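Please read these numbers as outputs of a predicted model, since none were measured by experiment. Just so we're on the same page: letters track the sequence lines, and every chain starts at 1.
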Amino acid sequence: MSIRIYNSLSNSKEPFETIEPGKVGMYLCGPTVYKPSHIGHAVGPVIFDAIKRYLTIFHGYKVNWVVNITDVEDKLIAEADAQGIGVFELAQRVEKNYHDALAALAVDGVDHFPKASENITQIIEMIETLISTDYAYVVGGDVYFNVSKDDDYGKLSNRNPDDQTGQRELASGPKKHPGDFALWKQAREDEPDAVKYDSPWGKGRPGWHIECSAMSKRLLGDSFDIHGGGLDLIFPHHENEIAQSESCTQKPFAKFWMHHGLTRFNTKKVSKSDPEMQAALQAMTLSTLLEEYSGELLRFFILSTQYRSPIEYSPAELAGKKKGLTSFHRLFKRVNDLGAGDVYDAPSAANADTFKLDPQALGDEAQQLAASIADARDRFQAAMDDDFNTAAALAVLFELTNSVNRFIEVMSLESSDDAAGKSFALKAAQALASLGQSLGVFLSAPAAASGGDALVGQLVDALLEVRSACRAEKCFELADKVRDQLSTLGVVVEDKPTGATWSIEKQSDDLQGNLIEAHIQTRLACKAAKNFALSDMIRDRLAGIGVALEDRAGGTTWELANG
RNA sequence: GGCUGCGUGCCCAAGUGGACUAAGGGGGCGGAUUGCAAAUCCGUUAUUCGUCGGUUCGAAUCCGACCGCAGCCUCCA
């Protein structure tokens, strides 16, 4: 029952033990807010959010999670200049964009979002300590970290700074060693005043790495449990964080280093600074993706791969995942339609009783389902305990989908009033949902399902009543035409024992107007078939929901009775 | 060149020495159901895990070589 985590520091899986019993301090490197975030930036937050939920729900940990916002940095200054706006104006705008995306992805577990600009004092203090202990030195208005002084520098990335001469035998400039990196950068004349901070070494601003050391120290202490980020940050960023922090405090910095795989597009890393990626990047921006896909789908997509593996992003791949996710939504809707209760309102997976179903006298099928559910929790936990294998955990959920569907099928629950059976199906589905919820999916029913518009719903219902009448009269041609029309509008119809149900699979423009038009077309077809009872029914039904039809010489027009 | 990793069916993806004669998803194919669909259910779709050797009673899993791919060594989640 113990958690094992792959630690980049040792390149092996280690048993997870926290520094303080029952508590986890967790730090994730966040974005530099100079350009909108893309899909790759969502990976860390989604994984860590799922981890926090899991650790909290399944292991009872109290998790304190910090994600930094880098708002003082070269690129940001350059981008603000290019756009002709203030540095912090740009930073705030991009940061809002980032937070909106996280909200859509259901990443709500972050406890602190510290900003570099708000921690200058702590940064300066840390640099002063490093200077006083000779781990750093001042050259003009710059301060550099002295890698030669740090014995175990390179332990995370397995690099020896003295062997790194190879490619960049560049002039080390004012530095003592080419591997030395900036802790503090002297202000340049052309830089905006907003990023010129006072320091003992004159006006300037912090280097990139030091902010994470200073902010994690302030919010999580000298030593904490988990530090995460993308694989591309191992060197130099994380290596340098370790160097700064451990040299400053003389204590171990992060206990576990977790690095997630990078998102790729056409087998190449998605990068904001890669010129070849620029065109494609537009489409991979989180705000763009969220216009077309739900946050839940993007989250599901990210969780369907073990976090250390790279994820290949493509619209086709996302479409495939969407089908998988939809199969859960269908099941939940199917169970909710049984009327025994709301699946989404599931008890917590933390409660073992959620998985103890009593099959009573419901027979073999219920026995089997009860066994599957009980087993699922263990398998789910085993997968998650093994380095947070969300891909394997989701596989367990897929299997349960099948078990519950089969139960509903075999017990014919949709066409019976078997209250005990329905309640059993509900509990099984809730157990399934609770596992997903502990990863941050299945939190609520997909928003688009009902169209979000009462009139649209009434129009579809009315159309389906007409179709039902057609089917009763064995007038299948007309019935199919209705279904086809709806399908074109993105409304998918499914016939069930209890009648037809529908859902909006694809949003389309002016759905309302098109639905009324579909009524008119259907009515025209009825009239052509001399089925006047049906055509009148359509007109009356529409009138009932406030849509008045008028037959004119040039065709039929419609208007809404009251706004 | 140095340092990390990776290579599993048509596609995605778990599994890292023995319940693997390899999860799960997408797709394909057959059947049940349906007026027909859709959805759902049942069945089926890798004797094989980049290639070649080795270790072992036993390897997708360990070792070696080779081939291919990615990341880092400069900013990057």
Please classify the nucleic acid contact of [X] as base, sugar-phosphate, or nothing, using heavy-atom distances under 4.0 Å.
{"X": "A/Lys269", "value": "base"}
{"X": "A/Gly229", "value": "sugar-phosphate"}
{"X": "A/Lys323", "value": "sugar-phosphate"}
{"X": "A/Arg4", "value": "nothing"}

Between [M] and [N], how far apart are the [atom1] atoms? Round to whole Å, please.
{"N": "B/C62", "M": "B/G17", "atom1": "C1'", "value": "7 Å"}
{"N": "B/G24", "M": "B/U45", "atom1": "P", "value": "12 Å"}
{"N": "B/G58", "M": "B/U16", "atom1": "C1'", "value": "16 Å"}
{"N": "B/C67", "M": "B/C52", "atom1": "C1'", "value": "10 Å"}
{"N": "B/A65", "M": "B/G9", "atom1": "C1'", "value": "27 Å"}

What I want to find out is whether [X] reaches [Y] closely enough, with some N-O distance under 4.0 Å, to be called a salt bridge.
{"X": "A/Arg334", "Y": "A/Glu409", "answer": "yes"}
{"X": "A/Glu79", "Y": "A/Lys35", "answer": "no"}
{"X": "A/Arg467", "Y": "A/Asp495", "answer": "yes"}

Worksheet item: Can you list the residues that meet the ring pair (Phe, Tyr, Trp, His ring centres under 6.0 Å) rule with A/His41, with sequence neighbours excluded?
Response: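 A/His41 satisfies ring pair (Phe, Tyr, Trp, His ring centres under 6.0 Å) with A/His38 once adjacent residues are dropped.
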Fill in: Residue list, ring pair (Phe, Tyr, Trp, His ring centres under 6.0 Å) with A/Tyr293, at least two apart or on another chain
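A/Tyr293 satisfies ring pair (Phe, Tyr, Trp, His ring centres under 6.0 Å) with no residue once adjacent residues are dropped.
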Worksheet item: Would A/Phe476 count as stacked on B/G35 if the rule is ring centres under 5.5 Å and plane angle under 30°?
Response: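 It does: the ring sits over the base of B/G35.
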Whole angstroms only, please: what is the [atom1]-[atom2] distance between [X] and [N]?
{"X": "A/Ile234", "N": "B/U4", "atom1": "CD1", "atom2": "C1'", "value": "7 Å"}
{"X": "A/Lys268", "N": "B/A70", "atom1": "NZ", "atom2": "C1'", "value": "11 Å"}
{"X": "A/Leu397", "N": "B/G24", "atom1": "CG", "atom2": "P", "value": "14 Å"}

Fill in: Non-hydrogen atoms of A/Leu156 and A/Glu239 that approach each other most closely
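Answer, listing the atom of A/Leu156 first, then A/Glu239: N-OE1, 3.1 Å.
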Distances under 3.5 Å between protein N/O atoms and the N/O atoms of nucleotides 67-69 of chain B, please, pair by pair.
none

Fill in: Sub-4.0 Å heavy-atom contacts from residues 402-415 of chain A onto RNA chain B, ordered by number
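Of all residues in residues 402-415 of chain A, the ones placing a heavy atom under 4.0 Å from RNA chain B are A/Asn402, A/Asn405, A/Arg406, A/Glu409.
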Discussion item. Is there a side-chain contact between A/Tyr98 and the phosphate of B/A77, meaning an N or O under 4.0 Å from OP1 or OP2?
Written reply: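 Checking B/A77 against A/Tyr98, no side-chain N or O comes under 4.0 Å of OP1 or OP2.
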Practice prompt. Among A/Asp71, A/Asp74, A/Asp142, find the residue that satisfies the salt bridge (Lys or Arg N to Asp or Glu O under 4.0 Å) test when tested with A/Arg205.
Written response: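 Exactly one option meets the salt bridge (Lys or Arg N to Asp or Glu O under 4.0 Å) with A/Arg205, and it is A/Asp74.
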Worksheet, complete the sentence: Given protein heavy atoms under 4.0 Å, the one-letter contact record of nucleotides 10-22 of chain B, with B base, S sugar-phosphate only and - none, is simply -SSSSS-------
Item to complete: Output the distance between atom CD1 (A/Ile69) and atom CZ (A/Phe113), rounded to the nearest 0.5 Å.
Response: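 One finds 6.0 Å between CD1 of A/Ile69 and CZ of A/Phe113.
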Item to complete: Write out the stems for RNA chain B, ordered by first number and formatted as range with range, counting runs of at least 3 consecutive Watson-Crick or G-U wobble pairs under 3.5 Å.
Response: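 Stem list for RNA chain B: B:1-7 with B:67-73, B:10-12 with B:24-26, B:27-32 with B:40-45, B:50-54 with B:62-66.
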